[in-house]
Amino acid sequence: MTDETNRRTGIDWVSFIISGGFLVLFLLLSLFNKTLMGEWISTSFDFSVKFFGAFWQLLLLATFIVGIALALSKYGKVKLGKLEKPENGYFRWVSMILCTLLASGGVFWAAGEPLYHFLTTPPLFAEEGMTKAEAVVPGLAQSFFHWGFTAWACLGTVTTIVLMYAHYHKGFPLKPRTMLYPMVGERIFKKTSVLGSTADIVSIIAVAAGTIGPIGFLGLQVGYALQYLFNIPDTMFTQSIVIIFLVTVASISAASGVDKGIQLMSRLNVGLALILMIGMLILGPTMFIIDSFIGAEAFQIQNFMRMSLYRGEDSWLGYWTIFFWGWFIGFGPAMAMFISRISRGRTIRELILAVAIIAPLVSNFWFASVGGSGLFYELQNPGSVSTALNETGMPAAVMAIMDQVPLGIVMASGFLIVTVVFVATTADSMSYSVAVTLTGHAHPPRQLRVFWALLFGAIAATLLGIGESSIQTLQNFIVVTAVPVSILMLPPVWLAPKVAKRMAIEQGIIAEKETPETVEEQRKTS
């Protein structure tokens, strides 16, 4: 690439080479010795869960609390991004927020996770003599918690506020390192800044691991659905072809940018998901879904602090809560950049409400519609869903539920389409975020966006080809990569209120208090 092109694109080649090289090395080691690689990752996973699990729980809880406090305060009126009117309409904006990591992950876990917690009640709520009917609410509430308020809050609340201030109000690059600007200052942007480069590199690796995972998970789900619906053999070859197709769609969407492809795919996603939820309400156990949603949501809110700070059974926490928290933390910086890009003109209150309240409630209702239906059918006919889940895994749970719904083939086909579109949207939005990280501006080169989308798909397809055990290795790897990112995401928890106050003063929402420093500054300028 010529110097002229390099200046025009502004690609950070150090971050590109190190992060890309690390992912290629991970792939090669998995190919040559997956057993040894699995042992290394498993050991690192155990270390991460043991020494960082409690920190992650406190970090996510603090992120949610600070975000809600800002939304309810006078700082909630602060407008972000130096625009008077939002660039995107409300439905379009919320649709793009919804069609991110949690949405695509929710498609895979919505049927299986509630059933797992129903069959084996989470240790915090396990009681002797609990009937199966009584196990529905705590089981569903645990799934709500994992895909609810704190999970969404860590993806785009305090981190987004700090990032939008530094980027749009101060003119600094749209990169993970920019979240440290209010604390470190402008030296974080120097090419020789080890701290800045490290922040960008670990964020790229974490978001890559977190994106490859859903591509692999949903590839398995699509492969199983094709066999169920069309008798296409669910082989590694089929799954690889599925992933190639998904990534091709994602690459086309990523190439067209946020304002075209990603926006269109997001609205299509949400529209299809709404149709499916309505279909499940009409065709499925309507009142059971509604009652379970209300009951489990109330149960979650009532036990919110206990669930957030539970430190009992380590193995259960590592398999469930800590795994999810590590995954979501790894996505934090990339999601903050993506949400920053689409949220100009929104207030802090609108941002927090959309990300930390509306999105979780929509996710929870999705889980109630899909997973709640599975619980109903399992109660009516034990084994009707759990047998498929235990024998084949989560990809089979959705189809087992559809088997018992009127027009099940139509609904199953709808879930197949939604799965395809969701995984494509996740891949395109995250490839866009990585490209932004490497360039520092909101319109990275098209080739760079496509390259990362293709790389995500290639690694996912290769890992599936090695064997499904590699997906478990990848799940553990996702958690390991979150360790350095979690440290990066800590400063915004206390920086966001300070940044919000600065913007509130600039926008005349609050008056600046007179201090010796401000009086002297006013005297100099008068």
Side-chain angles (χ1 to χ4, degrees), residues 14-53 55-56 105 108 197-198 201-221 223 234-240 242-244 247 314-331 392-395 427 430 434 451-452 454-487:
V14 172
S15 297
F16 179 90
I17 292 170
I18 294 177
S19 58
F22 185 91
L23 291 171
V24 172
L25 179 62
F26 170 79
L27 178 61
L28 292 176
L29 288 174
S30 298
L31 282 168
F32 288 119
N33 196 333
K34 66 176 181 179
T35 302
L36 180 61
M37 191 64 179
E39 290 175 357
W40 287 350
I41 299 245
S42 180
T43 302
S44 301
F45 172 82
D46 293 338
F47 174 86
S48 303
V49 169
K50 181 177 181 179
F51 292 102
F52 286 86
F55 168 57
W56 291 350
F108 184 78
S197 295
T198 301
I201 290 167
V202 297
S203 296
I204 291 172
I205 293 172
V207 77
T211 303
I212 294 164
I215 293 174
F217 303 150
L218 295 176
L220 293 173
Q221 186 158 311
D234 185 19
T235 62
M236 292 297 175
F237 176 77
T238 303
Q239 294 162 5
S240 298
V242 166
I243 288 176
I244 291 170
V247 172
D314 289 343
S315 59
W316 184 91
L317 277 171
Y319 192 83
W320 290 107
T321 305
I322 302 305
F323 162 68
F324 286 130
W325 277 194
W327 187 11
F328 305 155
I329 286 170
F331 258 78
T392 310
M394 288 197 187
M430 290 305 101
V434 172
F451 168 80
W452 283 97
L454 294 175
L455 180 62
F456 293 160
I459 295 177
T462 304
L463 288 175
L464 279 179
I466 295 171
E468 291 187 26
S469 62
S470 295
I471 295 297
Q472 180 63 49
T473 300
L474 183 57
Q475 281 186 262
N476 293 343
F477 181 57
I478 289 170
V479 174
V480 174
T481 60
V483 171
V485 178
S486 64
I487 298 171

Q: Show the numbers, then the answer: is there a side-chain contact (heavy atoms from CB on, under 4.5 Å) between V480 and F47?
A: CA-CA 9 Å; V480 174; F47 174 86; over 6 Å; no

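- Contact annotation: the side chain of F16 never approaches that of I204 to less than 4.5 Å [non-hydrogen atoms, C-beta and beyond].
- The shortest non-hydrogen separation linking G318 to V49 is CA-CG1, 3.9 Å.
- The distance from the CD1 atom of I459 to the CD1 atom of I243 is 11.5 Å, given to the nearest 0.5 Å.
- Under a 3.5 Å cut-off, the side chain of W325 and the backbone N or O of G53 do not form any donor-acceptor pair.
- Proximity of V483 to W56: side-chain heavy atoms (C-beta onward) are separated by under 4.5 Å at one or more points.
- Looking at every heavy atom in both residues, V485 comes nearest to A206 through CG2-CB, 3.7 Å.
- Inter-residue side-chain proximity for F32 and M37 is flagged as unmet; no heavy-atom pair is nearer than 4.5 Å.
- Atom OG1 in T481 sits 8.0 Å away from atom CD1 in I205 (nearest 0.5 Å).
- Not counting sequence neighbours, F22 has no partner by the ring pair (Phe, Tyr, Trp, His ring centres under 6.0 Å) test.
- Looking at every heavy atom in both residues, F456 comes nearest to M430 through CE1-C, 4.2 Å.
- Residues W452 and L23 have side chains in contact (heavy-atom distance under 4.5 Å, counting atoms from C-beta outward).
- Side chain of T321 to backbone of L317: no donor-acceptor contact under 3.5 angstrom is found.
- Considering all non-hydrogen atoms of both residues, W327 and G210 come closest at NE1-O, 3.1 Å.
- Atoms CD1 and CZ, from I212 and F477 in turn, are 8.0 Å apart once rounded to the nearest 0.5 Å.
- Using modelled atom types, one side-chain atom of S19 and one backbone atom of S15 make a donor-acceptor pair closer than 3.5 Å.
- In this structure S48 satisfies the side chain to side chain donor-acceptor pair (under 3.5 Å) test with no other residue, sequence neighbours excluded.
- Within the model, atoms CH2 of W40 and CG of L36 stand 4.5 Å from one another, a figure rounded to the nearest 0.5 Å.
- Atoms CZ and OG, from F52 and S486 in turn, are 6.0 Å apart once rounded to the nearest 0.5 Å.
- Between T392 atom OG1 and D234 atom CG the span is 9.5 Å, to the nearest 0.5 Å.
- Aromatic ring pairs are classed by plane angle as parallel below 30°, tilted from 30° to 60° and perpendicular above 60°; the pair F328 and F324 is parallel.
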